[in-house]
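Below is one structure, written out as structure tokens; comments come after it.
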Amino acid sequence: MATATTVNIKLSRSNRIYRSSEPVEGKIVITSATSISHQAIRLSVNGSVNLQVRGGSAGVIESFYGVIKPIQIVKKTIEVRSSGKIASGTTEIPFSFNLREPGESIVEKFYETFHGTNINIQYLLTAEIPRGYLHKPLSATVEFIIESGRVDLPERPIPPELVIFYITQDTQRHPLLPEIKTGGFRVTGKLATQCSLQDPLSGELTVEASSVPISSIDIHLLRVESIIVGERIVTETSLIQSTQIADGDVCRNMTLPIYVLLPRLLMCPSVFAGPFSVEFKVCLTISFKSKLAKAQPKSDPTAPRLWMALERLPLELVRTKRDQFSC
């Protein structure tokens, strides 16, 4: 029985990260037990912002429900090889192309790759080998990652903006258990609310006083995705990542460090475009020991609870020239 013919795309960089001003290079690898004829070998590049509104969670009227027309960033096809034959065995066909040609007018900005809940910014490279009516075409697709080009970035590293915060029973906008509210607590600290994507989220936190024992202190990263639909702005906040920085009743007046690594594909520089925006927030949660907490399911760790104190801070993410590296 003959082995099936396979097609793969192997990019020149193992991390698949490119800037829009750099050439994307690699090779198409074709493995076949027999020689095959083809009409051409083409590469298709498709970069787009895909927007989706989920009617139930966003509260949008039914006529707006569903997928919104994608915003096209780049779409082009390159012929790598004209019609001919591919010999049996493994054949490697190199390629190199520019996403943005010098002097080419760009309709949309090359936004950084981002995978969110309702907003996805994605760049795909597809190799296509049509073989005529009697044979199935061969194809392979790979995603590559776009980061901001050097010319678009600030020259100097941006120092983190540290914001001082304090959390007490009086700063809470939701009800607390009577023993927590009457006894009182005070948690203070500082956190970087503007930082580079390459750096960790950093800061510190101190429990100055608490009449009720603490069970856990956690840092939650949130993304806030907003889409303009007609005359409405639909906004949805979702959880990206949770990090526990303290387990159990911590010592009073002891400084606890905050150090959280940022997940690359789930975060990007804060974006404020015309039809959409991507923002981020940090939610600090202080959970107190309570029998009621054990009986409640933990579906959303940032949802207000009777045994939990919350503090939400905005987080602006940026990329600088220091974040770029030589590949």
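This one's a predicted model, so the numbers in the text were calculated from it and none came from an experiment.
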Problem - Which atom of P175 lies closest to which atom of L306, heavy atoms considered - result: O-CD2, 3.5 Å
Problem - R100 side-chain N/O to N98 backbone N/O, donor-acceptor pair under 3.5 Å - result: no
Exercise for the section: Indicate if L239 and I119 have the same hydrophobic cluster label, given that clusters are the connected sets of ILVMFWY residues with side-chain heavy-atom separations under 4.5 angstrom. Expected result: no
Problem - Hydrophobic cluster membership, V224 vs V278, 4.5 Å side-chain cutoff - result: no
Problem - In one Ile/Leu/Val/Met/Phe/Trp/Tyr side-chain cluster, 4.5 Å: V29, F95 - result: no
Practice task
Please round to the nearest 0.5 Å and tell me the distance separating atom CG of L43 and atom CD1 of I78.
Solution key: 6.0 Å
Handout entry: Side-chain hydrophobic cluster, 4.5 Å single linkage: members besides I164
Key = none
Practice task
Decide whether T188 and E208 meet the rule of one side-chain donor and one side-chain acceptor closer than 3.5 Å.
Solution key: yes
Problem - Heavy-atom closest pair, residues Y111 and V49 - result: CD1-CG2, 3.9 Å
Exercise for the section: For S215 and S287, indicate whether the former's side chain and the latter's backbone hold a donor-acceptor pair under 3.5 Å. Expected result: yes
Problem - OG on S202 to CG on L191, rounded to 0.5 Å - result: 7.5 Å
Practice task
Sort and list the pairs that fulfil side-chain hydrogen bond (donor to acceptor under 3.5 Å, both in side chains) and have at least one residue in residues 166-175, not counting sequence neighbours.
Solution key: none
Exercise for the section: For L124, look at atom CG and say whether over 12 heavy atoms of other residues, nucleotides or ligands are found less than 6.0 Å away. Expected result: yes
Handout entry: Residue pair I146 / I73, side-chain heavy-atom distance below 4.5 Å
Key = no
Fill in the blank from the handout: Here the gap from I93 atom CD1 to I9 atom CD1, rounded to the nearest 0.5 Å, amounts to 11.5 Å
Exercise for the section: Following the transitive rule for hydrophobic clusters with a side-chain heavy-atom cut-off under 4.5 Å over Ile, Leu, Val, Met, Phe, Trp and Tyr, establish whether V271 and I228 coincide in one cluster. Expected result: no
Practice task
For the pair D249 (side chain) and I214 (backbone), establish whether a donor and an acceptor sit closer than 3.5 Å, ignoring hydrogens and angles.
Solution key: yes
Handout entry: Expected output: side-chain S12 to main-chain E25 donor-acceptor under 3.5 Å
Key = yes
Completion exercise
Rounded to the nearest 0.5 angstrom, the CD1-CD1 distance for I145 and I121 is 13.0 Å
Practice task
Quick one: list whatever passes side chain to side chain contact (heavy atoms under 4.5 Å, CB included) with T77, sequence neighbours left out.
Solution key: R42, S44
Exercise for the section: Please determine if E225 and R223 form a salt bridge, counting it only when a charged side-chain N lies under 4.0 Å from a carboxylate O. Expected result: yes
Practice task
Answer whether the closest heavy-atom distance between the side chains of L177 and S290 falls below 4.5 Å.
Solution key: yes
Exercise for the section: Spell out, yes or no, whether I240 and L262 are grouped together once hydrophobic residues are joined by side-chain heavy atoms under 4.5 Å, including indirect joins. Expected result: yes
Exercise for the section: Output the rest of the hydrophobic cluster of Y259: all Ile, Leu, Val, Met, Phe, Trp and Tyr residues reachable through side-chain heavy-atom contacts under 4.5 Å, sorted by chain and number. Expected result: L261
Handout entry: Interatomic distance, I219 atom CD1 to I245 atom CD1 [nearest 0.5 angstrom]
Key = 4.5 Å
Problem - Side chains of R131 and P137 in contact at under 4.5 Å (non-hydrogen atoms) - result: no
Handout entry: Heavy-atom side-chain contact between T237 and K281 under 4.5 Å
Key = no
Practice task
Give a yes or no on whether R81 atom CZ has more than 12 heavy-atom contacts from other residues, nucleotides or ligands under 6.0 Å away.
Solution key: no
Practice task
On the 0 to 90° scale, with breaks at 30° and 60°, tag the Y123-F110 ring pair as parallel, tilted or perpendicular.
Solution key: parallel
Handout entry: Contact check, side chains of L222 and R312, non-hydrogen atoms, under 4.5 Å
Key = yes
Handout entry: Spacing of H115 atom NE2 and T113 atom OG1 [to the nearest 0.5 Å]
Key = 6.5 Å
Handout entry: side chain to side chain contact (heavy atoms under 4.5 Å, CB included) against N46, all qualifying residues, sequence neighbours excluded
Key = S48, Q72
Handout entry: Sequence-distant partners of Q241, side chain to side chain contact (heavy atoms under 4.5 Å, CB included), two or more places apart
Key = L221, T243, V260, P263
Practice task
Indicate the atoms forming the closest heavy-atom contact of P70 with N50, along with that distance.
Solution key: CB-OD1, 3.5 Å
Problem - Test item: T235 side-chain N/O and S226 main-chain N/O as donor-acceptor pair under 3.5 Å - result: no
